[in-house]
Amino acid sequence: MSDFDFALGETADMIRESTARFAADRIAPLAAEIDAKDWFPRDELWPAMGELGLHGITVEEQWGGLGLGYLEHVVAQEEVARASASIGLSYGAHSNLCVNQIRRWGNDAQKAKYLPKLISGEHVGSLAMSEAGAGSDVISMKLRAEKRGDRYVLNGTKYWITNAPYADTLVVYAKTGEGSKGVTTFLMEKDMKGFSIGQKIDKMGMRGSPTAELVFDDCEVPEENIMGPLNGGAGVLMSGLDYERTVLAGIQLGLMQACLDVVLPYVRERRQFGKPIGAFQLMQAKVADMYVALSSARTYVYAVAKACDAGKTTRFDAAGAILLASENAMKVALEAVQALGGAGYTKDWPVERYMRDAKLLDIGAGTNEIRRMLIGRELIGGGA
């Protein structure tokens, strides 16, 4: 398939080429085992991804990063997820939700302490926002942090936390007051007193991207580990959502490309009624729809990523990009299963995994219902 030139620039093209090569050589051969065993290959991949510079794409060079933009990050995210959406999800949670938030909000001492090992891949990062009773309505969180002397004591739980069982450094949101003006961001370390990993969550898809509960039982966090302003955590949280949605949309682009990577050779080779099934118009229409779904989502996601880099993104367009990418990816994955027929429904082919993986981003990073509500509210309220 000839690639349409999105004119992303020489740097983005170089990032794509190096990431695609690494993903094909190192990630893709592990993808089926990662899914089957629900296995997170930290030692096999994380330091190597660090050597390639993938963990610190948006971080300034003084902190060990590449000093590039969200466009390059989306491209890297896309190529990692093309090889394994599970690794793509863990990579996005690490490099964007954790590392990029520390880059944006940490003070110099916090950056110097935490960023080097996160960027090298020696450490794994995570973000802890959701709770069992606080998903889309995140401000209703119950995890509380009370000041005692020179530290804060945290009590409560977090749920659905990506990378939790392996995380060395976590960006954690907790209540220090009431309402949206009473949330504070803390930088946690895995061995802090009173902090532990609770139940591991067994998921339908994105297996191998570990998800678990976090338990805080009189967990002591030094006051110096507050990131951003005290009681300003809602601002920290919301400011990161646009970048989170934009970068994570790259996972769905990679998934759609992975579907085409399987379907196109299959329909050329599989013969029925004396000819390749790709010769039938219904199958050609299916492939055309898959390609257009991918290309249209790419166009929107890349445009929003460029706007992020120019400081011109809008909240509803970041939500719109991941909304389009997630719904298109689900359609493309379903069509990939259908195109392979009975083979597509078996574990012998990866398209059933792509279908299970694709569903996650209809839900994660803000559900499609919340995205639609946000877009509609902003537009009707005069946001566009």
Side-chain angles (χ1 to χ4, degrees), residues 38 40 42 86 89-90 92-94 96-98 101-102 105 114 118 123-148 151-223 225-228 230-238 240-241 244 248 360 363-367 370:
D38 200 7
F40 178 56
R42 172 185 183 154
S86 304
L89 179 62
S90 281
H94 170 89
N96 180 262
L97 279 64
C98 181
Q101 281 292 73
I102 295 173
W105 288 98
Y114 294 111
L118 287 167
H123 281 182
V124 173
S126 179
L127 174 137
M129 177 176 73
S130 299
E131 298 179 6
S136 298
D137 180 17
V138 70
I139 300 301
S140 69
M141 68 179 71
K142 299 282 194 289
L143 176 66
R144 292 209 71 85
E146 293 182 9
K147 193 168 190 303
R148 293 186 199 165
R151 55 196 52 233
Y152 280 79
V153 178
L154 278 62
N155 280 288
T157 60
K158 291 287 181 184
Y159 209 65
W160 316 113
I161 307 306
T162 302
N163 293 349
Y166 293 86
D168 301 277
T169 304
L170 304 96
V171 175
V172 176
Y173 295 95
K175 277 291 183 76
T176 45
E178 298 305 319
S180 62
K181 293 186 170 62
V183 178
T184 298
T185 314
F186 293 89
L187 286 170
M188 298 279 311
E189 299 167 23
K190 67 175 180 181
D191 51 6
M192 283 179 168
K193 180 184 171 187
F195 174 66
S196 62
I197 303 300
Q199 108 189 59
K200 192 175 176 203
I201 298 163
D202 192 14
K203 306 190 301 294
M204 173 178 81
M206 295 295 191
R207 298 172 61 75
S209 177
T211 310
E213 176 187 34
L214 306 179
V215 179
F216 303 83
D217 185 8
D218 284 338
C219 175
E220 298 181 7
V221 184
E223 187 173 6
N225 278 48
I226 288 177
M227 188 172 77
L230 178 67
N231 293 322
V236 175
L237 170 68
M238 296 302 177
L241 275 177
E244 173 186 340
L248 292 185
L360 184 275
I363 300 165
T367 65
I370 290 291

So E189 and Y114, do their side chains get closer than 4.5 Å, heavy atoms only?
yes
Would the distance check show the side chain of S126 and the main-chain N or O of T162 forming a donor-acceptor pair, the cut-off being under 3.5 Å?
yes
Residue pair T185 / V171, side-chain heavy-atom distance below 4.5 Å
yes
Are any non-hydrogen side-chain atoms of K175 and V183 less than 4.5 angstrom apart?
yes
Does atom NZ (K147) have a neighbourhood of more than 12 heavy atoms from anything else shown, all under 6.0 Å?
yes
With a 4.0 Å cut-off on N to O distance, would you call E131 and K158 a salt bridge?
yes
Can you measure from OH (Y166) to CD1 (I197) and round to the nearest 0.5 angstrom?
11.0 Å
How long is the span from the CD1 atom in I201 to the OH atom in Y159, to the nearest 0.5 Å?
4.0 Å
Do V172 and L143 touch side chain to side chain, with heavy atoms closer than 4.5 Å?
yes
Distance from I370 atom CD1 to L241 atom CG, nearest 0.5 Å?
11.0 Å
Contact between S90 and M206 at the side-chain level, heavy atoms closer than 4.5 Å - yes or no?
no
Side chains of D202 and R207 in contact at under 4.5 Å (non-hydrogen atoms)
yes
Taking atom CG of L214 and atom CG of L154, what is their separation to the nearest 0.5 Å?
11.0 Å
Indicate yes or no: at least one non-hydrogen side-chain atom of I102 is less than 4.5 angstrom from one of L187.
yes
Please determine whether the number of non-hydrogen atoms from other residues, nucleotides or ligands lying under 6.0 Å from atom CH2 of W160 exceeds 12.
no
Quick one: pull up OG1 in T176 and CD1 in I226 and give me the separation to the nearest 0.5 Å.
7.5 Å
Point-to-point distance, once rounded to the nearest 0.5 Å, from NZ of K193 to CG of D217:
10.0 Å
Side chain N225, main chain F186, donor-acceptor under 3.5 Å
no
Which atoms form the tightest heavy-atom contact between S209 and K203, and what is the distance?
O-NZ, 2.6 Å
Closest non-hydrogen atom pair between C219 and F195, with its separation
SG-CB, 3.7 Å
Mind listing the closest non-hydrogen atom pair of G177 and N231 along with its distance?
N-OD1, 4.1 Å
Considering all heavy atoms, the nearest V124-L118 contact
C-CD2, 3.7 Å
Ignoring hydrogens, what is the shortest heavy-atom contact between K200 and T211? Give both atom names and the distance.
CG-O, 3.5 Å
Side-chain contact, heavy-atom cut-off 4.5 Å: V221 with M188?
yes
Would you say E213's side chain and T157's backbone share a donor-acceptor pair under 3.5 angstrom?
no
Could you pull out the closest heavy-atom pair between N155 and D218, with the gap in Å?
OD1-N, 2.7 Å
